[in-house]
Asker: 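Starting off with a structure, shown below.
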Amino acid sequence: MEQPEKHPPAWAMRLLRIVVHPEFREELEGDLLEKYQGDLQNYGPEIAQKRLYADLLSLIKPNLIFNISVNTMKTRSWLLLLLVPMAVVAASVAPFLPGPGNDLSHGISQFAHATGYIGLPFVPFGLLWLIVEMRNGHGQQLNRWTNGYYPAWLALSPVFFFLPFQITKTLLDGQTFNLPPFIMLIFVASFCIYCIRKLKNKTRYQFNPAPLYIVLIPVVALVSSRFLVEKAAEVTREKAIANTEPLIAAIEKYKMDNGEYPENLASLKGKYIQEIPQVNIMGMRPYQYERWNSSFQLSFERLWHWNATEVVVYNNVGQKGIKSNYKNYTTAHSNWWYYLAD
């Protein structure tokens with residue numbers, strides 16, 4: 001009968017069975033047991049256990065936990081995995097891309113930002129589903145947990161909380177429904193339910209990339225919204241301001257020649273400037289000009305905040321408070337300020 005000390009601690013072997021992918025368990029368990037018994041003879045129980053713990057730590061590798069070499073996706077899935085995050089980032093920064101001004105870019109951007117915040121509750125369940133998918137093996141008989149059926153319902157569970165909550169809140173507040181996003185959400189949820197029901201009878205192993213998207217899309221959207229948008233706003237704001245330098249010079253030249261500022265920008269064309277500069281940034285509106293008695297104001301607006309319009313203003317009298325009821329922010333250019341209007 002073997003002595004008890006010749007067997008590794010039971011908890012260590014249970015940990016091995018939990019952490020390591022099923023396809024590697026038997027082989028690795030045999031190797032560890034053989035090495036442990038050799039260490040017992042050569043070094044004694046204390047050192048043998050320390051070496052066992054070191055060996056267990058060395059097994060915490062993605063390829064041994066998830067068997068990545070087996071769980072490969074189709075080329076189409078890899079392509080989507082590359083394109084979808086790029087599309088989310090592009091949607092987030094749509095108001096800052098070159099192009100004619102339009103409100104659609106703002107709507108696309110806000111949808112991408114909302115995806116980041118609303119999608120966060122889905123991420124933990126998506127991770128659970130992803131782990132289940134990555135630990136499946138070829139030839140394994142799948143049940144409703146391992147085929148993704150139950151994990152998929154868990155991933156969708158925030159929708160079943162959010163929809164009744166939002167409907168109840170809207171009714172109690174006496175508000176009317178904003179139908180387009182509500183209908184879109186119902187459509188997306190219905191499509192997801194249809195896809196989940198198809199998993200119910202899945203018995204053959206085939207890696208499902210759906211949980212990858214559930215995890216990846218909200219994270220990419222949130223990171224873009226948090227770190228990329230602010231920088232893009234700053235860069236395009238400064239670019240739009242710098243674009244007005246020849247226009248401001250033309251306005252001042254008109255004043256020198258005529259003793260007063262022009263009535264409108266069209267008065268400058270031809271003699272003082274060939275073409276009125278265009279913003280050419282999708283989320284921005286055209287430059288606006290106002291003449292005051294002995295001064296003028298040049299401004300432009302854009303939509304990119306949730307509930308506020310950014311108004312960027314130039315005045316040539318050194319006025320620091322361009323809008324007293326809003327907080328004013330400075331820019332890198334003299335006499336240019338901006339504020340966020342409701």
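Every heavy atom of this structure was used, including side-chain atoms; hydrogens, water molecules and symmetry mates were not. For this chain, numbers begin at 1 and follow the sequence in order.
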Asker: Taking atom OG1 of T331 and atom OH of Y314, what is their separation to the nearest 0.5 Å?
Answerer: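 Between atom OG1 of T331 and atom OH of Y314 there are 11.0 Å.
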Asker: Evaluate Y36 against R51 for side-chain contact (heavy atoms from CB on, under 4.5 Å), listing each step before the verdict.
Answerer: CA-CA 8 Å; Y36 177 75; R51 291 171 69 90; over 6 Å; no
Asker: State plainly whether one hydrophobic cluster holds both L216 and L228, where clusters connect Ile, Leu, Val, Met, Phe, Trp and Tyr through side-chain heavy atoms under 4.5 angstrom apart.
Answerer: yes
Asker: At what distance, to the nearest 0.5 angstrom, does CD1 of I217 lie from CG of L212?
Answerer: 10.0 Å
Asker: Would you call the rings of W11 and Y53 parallel, tilted or perpendicular if under 30° counts as parallel and over 60° as perpendicular?
Answerer: tilted
Asker: Taking L130 as the starting point, is it possible to reach V220 by hopping between hydrophobic residues whose side chains are less than 4.5 Å apart?
Answerer: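 Yes.
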Asker: With distance as the sole test, does R302 use its side chain to make a donor-acceptor pair with the main-chain N or O of F96 at under 3.5 Å?
Answerer: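 Absent.
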Asker: Using 0.5 Å steps for rounding, measure from the CG atom of L104 to the CG atom of L303.
Answerer: 12.0 Å
Asker: Nearest heavy-atom pair of T236 and A233: which atoms, and what distance?
Answerer: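 For T236 and A233, the tightest heavy-atom pair comes out as OG1-O, 3.2 Å.
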Asker: Provide the closest heavy-atom pair for A112 versus S92 in the form atom of the first, atom of the second, distance.
Answerer: CB-OG, 3.6 Å
Asker: What I want to find out is whether K255 reaches E260 closely enough, with some N-O distance under 4.0 Å, to be called a salt bridge.
Answerer: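 No, no charged N to carboxylate O under 4.0 Å.
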Asker: Give the cluster check for F111 versus I108: same hydrophobic cluster or not, with ILVMFWY residues linked at side-chain heavy-atom distances below 4.5 Å.
Answerer: no
Asker: Taking all atoms of both residues into account, what is the closest heavy-atom pair of V279 and P286, and its distance?
Answerer: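 Result for this residue pair: CG2-CA, 4.1 Å.
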Asker: Identify whether M284 and Y289 are in the same connected component of the hydrophobic contact network (ILVMFWY, side-chain heavy atoms under 4.5 Å).
Answerer: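 Yes, M284 and Y289 fall within the same hydrophobic cluster.
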Asker: How far apart are the closest heavy atoms of H333 and E238, and which atoms are they?
Answerer: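 So the two residues come closest at CD2-OE1, 2.7 Å.
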Asker: Considering non-hydrogen atoms only, spot the tightest contact between I251 and F296 and give its length.
Answerer: CG2-CE2, 3.7 Å
Asker: Should K35 and D39 count as an ion pair when the cut-off is N to O under 4.0 Å?
Answerer: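 Looking at K35 and D39, the cut-off is met.
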Asker: Hey, can you tell me if F191 and Y194 have their rings parallel, tilted or perpendicular (30° and 60° cut-offs)?
Answerer: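 Ring orientation of F191 relative to Y194: tilted.
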Asker: Measuring from atom CG of L156 to atom CD1 of I196, what distance do you get when rounded to the nearest 0.5 angstrom?
Answerer: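 The CG atom of L156 sits 4.5 Å away from the CD1 atom of I196.
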Asker: Any side-chain heavy atom of P45 within less than 4.5 Å of one from L40?
Answerer: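 The answer is yes; the side chains approach within 4.5 Å.
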Asker: To the nearest 0.5 angstrom, please state how far the CG atom of L142 sits from the CG atom of N201.
Answerer: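 L142 CG to N201 CG: 12.0 Å, rounded to 0.5 Å.
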Asker: With no hydrogens and no angle check, just 3.5 Å: does a side-chain donor-acceptor pair link S58 and D55?
Answerer: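 Not at all, the side chains of S58 and D55 share no donor-acceptor pair under 3.5 Å.
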Asker: If I compare all heavy atoms of L120 with all of P218, which pair ends up nearest, and what's the gap?
Answerer: N-CB, 4.2 Å
Asker: Under the side-chain contact (heavy atoms from CB on, under 4.5 Å) rule, what do Y254 and L268 come out as? Steps first, then yes or no, please.
Answerer: CA-CA 7 Å; Y254 184 100; L268 301 171; 3.8 Å; yes
Asker: Transitively linked via ILVMFWY side-chain contacts under 4.5 Å: I241 with L340?
Answerer: no
Asker: Do V88 and T115 have side chains that get closer than 4.5 Å, going by heavy atoms?
Answerer: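 Of all side-chain heavy-atom pairs linking T115 with V88, none is under 4.5 Å.
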Asker: Whether R291 engages the ring of Y261 as a cation-pi pair (distance to the six-membered ring centre under 6.0 angstrom, angle to the ring normal within 45°) should be assessed.
Answerer: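 No; the conditions do not both hold, so R291 does not lie above the ring face of Y261.
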Asker: Any side-chain heavy atom of D103 within less than 4.5 Å of one from R285?
Answerer: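 Side chain of D103 against side chain of R285, heavy atoms only: contact under 4.5 Å found.
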